[in-house]
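Below is one structure; the comments refer to it alone.
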Amino acid sequence: MAKEQTFTCTGCGASHSKWSGRCETCGDWNSIIEATPLSKGPAAKSLGAKRGAKVMLSDLSGTETPPPRTGSGIKELDRVLGGGLVPASAILVGGDPGIGKSTLLLQAAASFANVGLKALYVTGEESIAQVQMRARRLGLTDAPVKLAAETNLRDILTTLDGEKPDIAIIDSIQTMWADNVPSAPGSVSQVRSAAHELTSYAKRHGMAVVLVGHVTKDGQIAGPRVIEHMVDTVLYFEGERGHQFRILRAVKNRFGPADEIGVFEMTGNGLAEVSNPSALFLSERDTPSPGSVVFAGIEGTRPVLVEFQALVAPTPHSQPRRTVVGWDGGRLAMILAVLESRCGIPFSGLDVYLNVAGGLKVSEPAADLAVAAALLSAREDTAIPTDTVVFGEISLSGALRPVGQTENRLKEARKLGFSQAIAPTRSKIGSDDGPGVRQMPDLTSFVGEIFGAG
Ligand code: TYD
Ligand code: MG
């Protein structure tokens, strides 16, 4: 029988029966490579119920106390972890190359070591001297962190067994290779089996393991998404290369809330915590300018004010451009369609650019109204007053829907000196003396009130 060929997406790990340019599961281009099948599929004969060992069963009402968490002292990191590091857990930290993952984790390792955990930092990408140089730059040379430069998984596991650290950082999982897997380091099967070995070692020995994963674009190296299901916590380190702000976002957390963010600033000597992100994201605003609108958002459990900027200009092309940075392009198309068909405001023949200032990525539908306001303000060349925040979800009918945590949004707005808010009707405003709230039932009345046109 001819050997079955399989094709695997290095972005998300999905397997396909034939090659194609785009993975249908995750939508990545050029990420599918040919792979030898890991197994020949289910055996013809069943395993049977007789030959295995009997598994010990226990009750739900155990007496085991929940594991204590350890805080690193870096508040932005501890919050994203759900209150600190849980022993015997596996954490994946993904992010673009060069965004600052190694910097963050060296600082984290040093902080955990300083509060008494035994920390081991395994680098597969840099030499010991390079890591020491970074530690000098970060002022961390006194922290009792043990360093190793190694990529052979077997040797790393033996070292872990001897050292018995409380936390091990593996930088990065894509450089690790297991000698019992016949494919190259960085391939889907190597990355998966290295992650599996390390997480199961961590669970068995009560150690916390942090796996660093580069988000890859070229398709030859497996991305961090292929191991997301194996770990307890998935954090992504985001930010625009040109900006100094960095956001650590929890996208999955078995021990705390997902969607929590920690905000950092990349400085000349490492990452600094930003405890008041709203002030930072709004710091460059002063005079009212058309196209600029402040959105009162919620990231995880925290209110964050950010500025949406829009530019609308006549297009020289037959196909107008829609360019979005920091928000969802599909959602922008939806709002343009609602503005056109419910309010009669066309954007055909106009290029539209939308940007979230400061490099933050916003994914809340509550930003819909702020986006619509920015687009209209840019199109009409009319500035929204600088003391106003906007939030609310837009439905396809053009109605405005109230969003969660309205009180927190308003409280944060007042704290930062905003005296006006525009929100959907039936928003739960609360009783305190927040900013004056103008409530609107739908997009048409919003356009009429703010821009004086129907
Ligand atoms: P790094 O942590 O090496 O990124 P990653 O591990 O995600 O690939 O960070 C690299 C960038 O950070 C590099 O461009 C230089 C910058 N940087 C600073 O600006 N200040 C610092 O103190 C350090 C250590 C790095
Ligand atoms: Mg690195």
Checking [X] side chain against [Y] main chain: does a donor-acceptor pair fall under 3.5 Å?
X: Thr10; Y: Ser31; value: yes
X: Lys118; Y: Glu163; value: yes
X: His196; Y: Arg192; value: no
X: Asp351; Y: Arg321; value: yes
X: Trp19; Y: Glu34; value: no
X: Gln174; Y: Ala222; value: yes
X: Glu150; Y: Asn152; value: yes
X: Glu265; Y: Glu273; value: no
X: Tyr201; Y: Asp161; value: yes
X: Arg137; Y: Gly268; value: yes

Gap between atom [atom2] of [Y] and atom [atom1] of [X] - 0.5 Å precision:
X: Glu76; Y: Ile247; atom1: CD; atom2: CD1; value: 10.0 Å
X: Leu198; Y: Met230; atom1: CG; atom2: CE; value: 10.5 Å
X: Gln190; Y: Ile173; atom1: CD; atom2: CD1; value: 10.0 Å
X: Ser427; Y: Ile422; atom1: OG; atom2: CD1; value: 12.0 Å
X: Arg22; Y: Trp29; atom1: CZ; atom2: CH2; value: 5.5 Å
X: Met176; Y: Ile170; atom1: CE; atom2: CD1; value: 5.5 Å

Could you go step by step and tell me if Val390 and Val294 meet the side-chain contact (heavy atoms from CB on, under 4.5 Å) rule?
CA-CA 6 Å; Val390 180; Val294 177; over 6 Å; no
Out of the candidates Val215, Ile99, Asp96, only one should pair with Tyr236 under the side-chain contact (heavy atoms from CB on, under 4.5 Å) rule; please name it.
Val215
Which residue, Leu104, Ile74, Leu248, Leu106, forms the side-chain contact (heavy atoms from CB on, under 4.5 Å) with Leu271?
Leu104
Validation row: [X], [Y] side chains within 4.5 angstrom (heavy atoms):
X: Asn408; Y: Thr406; result: no
X: Trp327; Y: Lys361; result: no
X: Ile91; Y: Val209; result: no
X: Val371; Y: Leu375; result: yes
X: Ile33; Y: Phe7; result: no
X: Phe112; Y: Pro165; result: no
X: Val356; Y: Phe308; result: yes
X: Pro277; Y: Glu299; result: no

Determine, for [X] against [Y], whether the closest basic-nitrogen to carboxylate-oxygen distance falls under 4.0 angstrom.
X: Glu197; Y: Arg154; result: no
X: Arg302; Y: Glu260; result: no
X: Arg254; Y: Asp232; result: yes
X: Glu238; Y: Arg249; result: yes

Looking only at non-hydrogen atoms, find the nearest pair between [X] and [Y] and report the distance.
X: Thr25; Y: Ala14; result: OG1-CB, 3.4 Å
X: Phe295; Y: Ala366; result: CE1-O, 3.3 Å
X: Val80; Y: Gly262; result: CG2-N, 3.2 Å
X: Pro257; Y: Gly82; result: CD-CA, 4.3 Å
X: Ala372; Y: Ile394; result: CB-CD1, 3.8 Å
X: Ala272; Y: Thr267; result: CB-CG2, 4.0 Å

Report the C-alpha separation of Ser183 and Ser189 in whole Å, then their side-chain angles, then the decisive distance to 0.1 Å, and conclude whether the side chain to side chain donor-acceptor pair (under 3.5 Å) test is met.
CA-CA 7 Å; Ser183 52; Ser189 44; 2.8 Å; yes
Where do Val251 and Leu235 land on the side-chain contact (heavy atoms from CB on, under 4.5 Å) test, with the steps shown first?
CA-CA 6 Å; Val251 298; Leu235 311 179; over 6 Å; no
Greater than 12 external heavy atoms within 6.0 Å of [X]'s [atom1]:
X: Lys428; atom1: NZ; value: no
X: Lys146; atom1: NZ; value: no
X: Lys75; atom1: NZ; value: no

Could you go through Ser20 and Ile32, starting from their C-alpha distance and side-chain angles, then the distance that decides it, and tell me whether this counts as side-chain contact (heavy atoms from CB on, under 4.5 Å)?
CA-CA 7 Å; Ser20 72; Ile32 294 178; 3.8 Å; yes
Residues in salt bridge (Lys or Arg N to Asp or Glu O under 4.0 Å) with Asp368, at least two apart?
Arg331
Is Arg409 close enough and on-axis enough to Phe391, meaning under 6.0 Å and within 45°, for cation-pi?
yes
Can you see whether Ser292 engages Glu307 through a side-chain donor-acceptor pair at a distance of less than 3.5 angstrom?
yes
Taking atom types as modelled and ignoring hydrogens, do the side chains of Thr123 and Asp171 form a donor-acceptor contact shorter than 3.5 angstrom?
no
Decide side chain to side chain donor-acceptor pair (under 3.5 Å) for Ser278 and Glu412; before the verdict, give the C-alpha distance in whole Å, the side-chain angles of both, and the deciding distance to 0.1 Å.
CA-CA 8 Å; Ser278 300; Glu412 177 81 357; 2.6 Å; yes
Determine, step by step, whether Lys101 and His214 satisfy the side chain to side chain donor-acceptor pair (under 3.5 Å) criterion, reporting the C-alpha distance in whole Å, the side-chain angles of both residues, the deciding distance to 0.1 Å, and the verdict.
CA-CA 9 Å; Lys101 299 180 295 301; His214 294 292; 3.1 Å; yes
Passes side chain to side chain donor-acceptor pair (under 3.5 Å), Glu125 versus Thr175? Steps please.
CA-CA 7 Å; Glu125 296 184 346; Thr175 54; 5.1 Å; no
Show the numbers, then the answer: is there a side-chain contact (heavy atoms from CB on, under 4.5 Å) between Val274 and Phe281?
CA-CA 11 Å; Val274 175; Phe281 290 131; over 6 Å; no
